[in-house]
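Report on the following structure.
For this chain, numbers begin at 1 and follow the sequence in order.
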Amino acid sequence: QVQLVESGGGLVQAGGSLRLSCAASGRPFSSIAMGWFRQAPGKEREFVAAFTRSGVSTYYADSVKGRFTISRDNAKNTVYLQMSSLKPEDTAVYYCAGRSKATYYATPSGYDYWGQGTQVTVSS
């Protein structure tokens with residue numbers, strides 16, 4: 001079993017930046033492919049960014065490409081999401097997730113482990 005705990009959400013003005021963190025415990029971090037999703041009120045959970053299973057390459061949703069960066073620190077068992085040039089439409093609860101199998105990186109059903117979520121609110 002893997003436990004994921006997010007932190008770093010908050011209220012920020014449009015154009016600002018935030019860095020989300022997700023600390024993992026319970027299983028070797030290097031064996032889990034990590035990703036970030038978000039869910040706005042009344043909408044489905046959507047893919048934001050993820051690592052490949054090797055942890056070397058990354059994927060991004062078109063809506064955040066060039067503005068968000070996913071990174072990881074294996075020594076700290078932590079994955080990060082650096083968000084810049086934030087827009088009001090980025091407002092959502094952000095979740096980190098981990099997948100232990102060779103499942104598709106961009107669908108929530110491909111992930112085995114989820115954090116509790118952290119709220120990000122971008123004001124205009």
Side-chain angles (χ1 to χ4, degrees):
Q1 190 62 282
V2 174
Q3 293 77 43
L4 302 175
V5 179
E6 301 102 333
S7 60
L11 174 64
V12 63
Q13 289 189 330
S17 299
L18 278 177
R19 188 178 80 158
L20 306 182
S21 300
C22 174
S25 61
R27 179 171 173 166
F29 189 59
S30 58
S31 68
I32 306 167
M34 300 297 295
W36 287 94
F37 288 76
R38 66 187 182 186
Q39 189 166 17
K43 295 189 176 181
E44 293 188 352
R45 193 166 298 189
E46 66 172 3
F47 169 73
V48 175
F51 279 101
T52 58
R53 293 191 75 226
S54 67
V56 174
S57 299
T58 54
Y59 303 105
Y60 293 95
D62 287 343
S63 59
V64 306
K65 203 171 292 184
R67 299 188 299 122
F68 290 12
T69 302
I70 187 172
S71 63
R72 62 193 292 161
D73 184 336
N74 287 341
K76 295 182 178 180
N77 287 356
T78 300
V79 64
Y80 303 98
L81 185 68
Q82 178 67 49
M83 306 184 293
S84 303
S85 301
L86 283 161
K87 305 175 182 180
E89 51 264 43
D90 294 318
T91 295
V93 177
Y94 283 71
Y95 298 90
C96 74
R99 56 194 175 98
S100 58
K101 307 179 190 67
T103 50
Y104 184 45
Y105 64 88
T107 56
S109 60
Y111 288 76
D112 307 292
Y113 313 110
W114 291 88
Q116 82 286 355
T118 185
Q119 177 71 47
V120 172
T121 303
V122 184
S123 63
S124 57

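- Although no hydrogens or angles enter the test, the distance criterion places no donor-acceptor pair under 3.5 Å between the side chain of Arg99 and the main chain of Gly110.
- Connectivity analysis of hydrophobic side chains (ILVMFWY, heavy atoms under 4.5 Å, direct or indirect) links Tyr59 to Phe37, Phe47, Val93, Tyr95, Tyr104, Tyr105, Tyr111, Trp114.
- A distance of 14.0 Å separates CZ of Phe68 from OG1 of Thr58, quoted to the nearest 0.5 Å.
- In plain terms, the two heavy atoms of Ala40 and Ala92 that are nearest each other are N-CB, 3.8 Å.
- In this structure a side-chain-to-backbone donor-acceptor pair under 3.5 Å is present from Thr52 to Ser57.
- Hydrophobic clustering, with ILVMFWY side chains joined whenever heavy atoms are under 4.5 angstrom apart, groups Trp36 together with Val64.
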Checklist entry - What's the verdict on side-chain contact (heavy atoms from CB on, under 4.5 Å) for Gln116 and Glu6, showing C-alpha distance, side-chain angles and the deciding distance? => result CA-CA 7 Å; Gln116 82 286 355; Glu6 301 102 333; 2.8 Å; yes

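- The two residues Ala24 and Leu4 have their closest heavy-atom pair at CB-CD2, 3.6 Å.
- For Thr103, the side-chain hydrogen bond (donor to acceptor under 3.5 Å, both in side chains) criterion is met by no residue, not counting sequence neighbours.
- Residues Tyr80 and Val2 do not share a hydrophobic cluster, defined by chaining ILVMFWY side chains whose heavy atoms lie under 4.5 Å apart.
- The structure places CZ of Arg72 at 8.0 Å from CD1 of Ile32, a figure rounded to the nearest 0.5 Å.
- Contact record, Ala49 with Tyr60: CB-CD2, 3.6 Å, taken as the closest heavy-atom pair.
- Residues satisfying the side-chain contact (heavy atoms from CB on, under 4.5 Å) test with Ser100, not counting sequence neighbours, are Arg27, Asp112, Tyr113.
- When Leu81, Thr118, Val120, Asp90 are each tested for a side-chain contact (heavy atoms from CB on, under 4.5 Å) with Arg38, only one passes: Asp90.
- The distance from atom CE of Met34 to atom CG of Asn77, rounded to the nearest 0.5 Å, is 9.5 Å.
- Atom OG of Ser124 is separated from atom CD of Glu89 by 10.0 Å, given to the nearest 0.5 angstrom.
- Leu11 belongs to no hydrophobic cluster with other residues, because no ILVMFWY side-chain heavy atom falls under 4.5 Å from its own, directly or through intermediates.
- Among residues two or more places apart in sequence or in another chain, the side-chain contact (heavy atoms from CB on, under 4.5 Å) test is passed with Val12 by Leu18, Leu86, Val122.
- Under 4.0 Å is where a charged nitrogen must lie from a carboxylate oxygen, and between Asp62 and Lys65 at least one such pair does.
- No side-chain donor-acceptor contact under 3.5 Å links Gln82 to the backbone of Arg19.
- Residues passing the side-chain contact (heavy atoms from CB on, under 4.5 Å) test with Ser7, sequence neighbours excluded: Ser21.
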